[in-house]
Amino acid sequence: MTPPSEAPARRMWPLYAAGFTTAFGAHGIAANLGGDTEDAVTSLLVLGGLLALYDGAEVLLKPVFGTIADRIGARPVLLGGLVAFAVASALYALADSPGWLWAARLGQGAAASAFSPAASALVARLNPAAEHGRAFGSYGFYKSIGYTLGPLLGGVLVWAGGLRLLFTVLAVLGASVAVWALVAVPVVPPLPRARQTVVDLARRLADPVFLVPTAALAGATAALSVGVGFLPVSGAVAGLGTVATGAAVSVLAACAAVVQPRAGRALDAGRITARGGLVVGLLLAAAGLACAMLPGLTGVLLAAALIGAGTGLITPLGFATLASATPRERLGQTMGAAELGRELGDAGGPLLVAGVAAAATLAYGYGTLALLLTCGPVVAVLVGVRRRVGAGRG
């Protein structure tokens, strides 16, 4: 199917809503699991298990559902995932027992693993390559809004009616977006695909065309997760209250949300290149982590702003690059694999920083991740210099 010169807004809004849903569901529940669930969350170990259940399902299943989307079409996977998300959310809302909480959380993670890469693939299929930056920038903007509002609105809902009310709202949200997508998102039939062996898949995923933007996305997500998780700790150590540290995290999310659509439009207009934007984004995120090593409110706010800006720059450019370089019949598989890379960064960044902090201090943890993110741009520059020297000798 050849995409229209400009995807009508009514086709794209349900996809943006799907992105918001997965982000709101992930962070809204994660931030409030321990607040009003004494019967279900009896220890930090149980809390950690419930948090890992959602992410673990995404790590295992996103590439699988991405491949299925290529095989049967992204729209059925999108709709099925949204319906499954609504059903899983309704489980705990109706049952309200610890066992059903585990089942609901696992179901939500599995459902998000289906509709998230399917939505990304549809964003690419419904927009021409020349507008991928704008499309993915807008999609990322609404996901960032979900990440920002999830803890806040989730907390209000839990305060008003307990965790069951939050799950009820998520069930209604998932069902509503599914109906909206059914009405507004057009049928995008799967494209004919050449037979692909495991070796072919491994070769394609190891290609720098896939590996470089995926690694940048993983690095950006690692920085984002560390900022959200550890900047409040740095603020508390500096004597800042919860309002100040909460505002800092909001600054991070807001900067990411504001930068993404602007970065996407700049890419489409040719004002920036994908390679240059990814390099600058990684350097901004690394600079933010370096600022987090500074004591006091200034360091926390600078870290939040720079990490948010770097993440906002990398996300649309990374996905637009992947979409443009991927055969259209393999978009679901590529988006699923890229989402897997982001999930690994989401888990690996905090683990790395926490491990270094346990052995030394949190500042060293920030510094270690900053150095790791800086390695990408350094390698890119060295490779570029080597190519120029080789071309000159030729």
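The residues of the chain are indexed from 1 along the displayed sequence.
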Exercise. What do the steps show when you test Leu282 against Thr374 for side-chain contact (heavy atoms from CB on, under 4.5 Å), and what is the final call?
Worked result: CA-CA 7 Å; Leu282 287 171; Thr374 306; over 6 Å; no
For this session: Applying side-chain contact (heavy atoms from CB on, under 4.5 Å), run through Thr368 and Leu371 and close with a yes or a no.
Result: CA-CA 5 Å; Thr368 301; Leu371 287 175; 5.9 Å; no
For this session: Any chance you could lay out the side-chain contact (heavy atoms from CB on, under 4.5 Å) test for Met12 and Asn127, step after step, and finish with the verdict?
Result: CA-CA 9 Å; Met12 299 305 299; Asn127 288 275; 3.3 Å; yes
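Ala254 pairs by the side chain to side chain contact (heavy atoms under 4.5 Å, CB included) definition with nothing, not counting sequence neighbours. In this structure, the side chain to side chain donor-acceptor pair (under 3.5 Å) partners of Ser144, at least two apart in sequence or on a different chain, are Gln260. Thr21 meets the side chain to side chain donor-acceptor pair (under 3.5 Å) test with no other residue; sequence neighbours excluded. For Phe115, the ring-ring contact (aromatic ring centres under 6.0 Å, His included) criterion is met by Phe85, not counting sequence neighbours. Here Phe230 pairs with nothing under the ring-ring contact (aromatic ring centres under 6.0 Å, His included) rule; sequence neighbours left out. Annotation: side chain to side chain contact (heavy atoms under 4.5 Å, CB included) contacts of Ile68 (sequence neighbours excluded): Val64, Phe65, Ile72, Val77. Under the rule for a side chain to side chain donor-acceptor pair (under 3.5 Å), the partners of Lys62 that lie at least two apart in sequence or sit in another chain are Glu339, Glu343. Checked against side chain to side chain donor-acceptor pair (under 3.5 Å), Ser225 has the following partners two or more places apart in sequence or in another chain: Asp346. Listed by chain and residue number, Phe20 satisfy the ring-ring contact (aromatic ring centres under 6.0 Å, His included) test with Phe24 (two or more places apart in sequence, or in another chain).
Atom CH2 of Trp100 is surrounded by 12 or fewer heavy atoms from other residues, nucleotides or ligands within 6.0 Å.
A donor-acceptor contact shorter than 3.5 Å links the side chain of Thr67 to the backbone of Pro63. The closest donor-acceptor contact from the side chain of Arg262 to the backbone of Gly137 lies at 3.5 Å or more, if one exists at all. At distances below 3.5 Å, at least one donor-acceptor pair connects side-chain atoms of Arg75 with backbone N or O atoms of Val185.
Hydrophobic clustering of Ile, Leu, Val, Met, Phe, Trp and Tyr side chains at less than 4.5 Å, counting indirect connections, unites Leu352 with Leu231. Note: the hydrophobic cluster containing Val179 does not contain Val83 (ILVMFWY, side chain heavy atoms under 4.5 Å, direct or indirect links). Side-chain heavy atoms closer than 4.5 Å link hydrophobic residues (I, L, V, M, F, W, Y) into clusters, and following such links, possibly through other members, connects Leu78 to Tyr16. Val212 is not connected to Leu372 by any chain of hydrophobic side-chain contacts under 4.5 Å among Ile, Leu, Val, Met, Phe, Trp and Tyr, and they are in different clusters. No chain of hydrophobic side-chain contacts below 4.5 Å, direct or via other Ile, Leu, Val, Met, Phe, Trp or Tyr residues, connects Leu294 to Tyr366.
What you find for Lys143 and Ser116 is that their closest heavy atoms are NZ-OG, 3.9 Å. Heavy-atom minimum distance, Ala110 versus Leu61: CB-CD1, 3.7 Å. Shown here for Gly227 and Leu252, the closest heavy-atom pair between the two residues is CA-CD1, 3.9 Å. Here the shortest heavy-atom pairing between Gly133 and Asp268 reads N-OD1, 3.0 Å. When all heavy atoms of Gly349 and Ala222 are compared, the closest pair comes out as CA-CB, 3.8 Å. Taking every heavy atom of both residues into account, Glu58 and Ala112 meet most closely at OE2-CB, 3.7 Å.
With rounding to the nearest 0.5 angstrom, the CG atom of Leu224 is 12.0 Å from the CG atom of Leu217. Taken to the nearest 0.5 Å, the CG atom of Leu126 stands 11.5 Å off from the CD atom of Glu131.
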N/O donor-acceptor pairs under 3.5 Å from side chains in residues 163-173, not counting sequence neighbours:
from	atom 1	to	atom 2	distance (Å)
Arg164	NE	Ala93	O	2.9
Arg164	NH2	Ala93	O	2.8
Thr168	OG1	Arg164	O	2.8

Review item, side-chain donor-acceptor pairs of residues 302-325, under 3.5 Å, at least two apart:
from	atom 1	to	atom 2	distance (Å)
Thr311	OG1	Ile307	O	2.9
Thr315	OG1	Thr311	O	2.9
Thr321	OG1	Leu317	O	2.6
Ser324	OG	Ala320	O	3.0

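For the ring-ring contact (aromatic ring centres under 6.0 Å, His included) condition, no pair includes a residue of residues 330-355, sequence neighbours left out.
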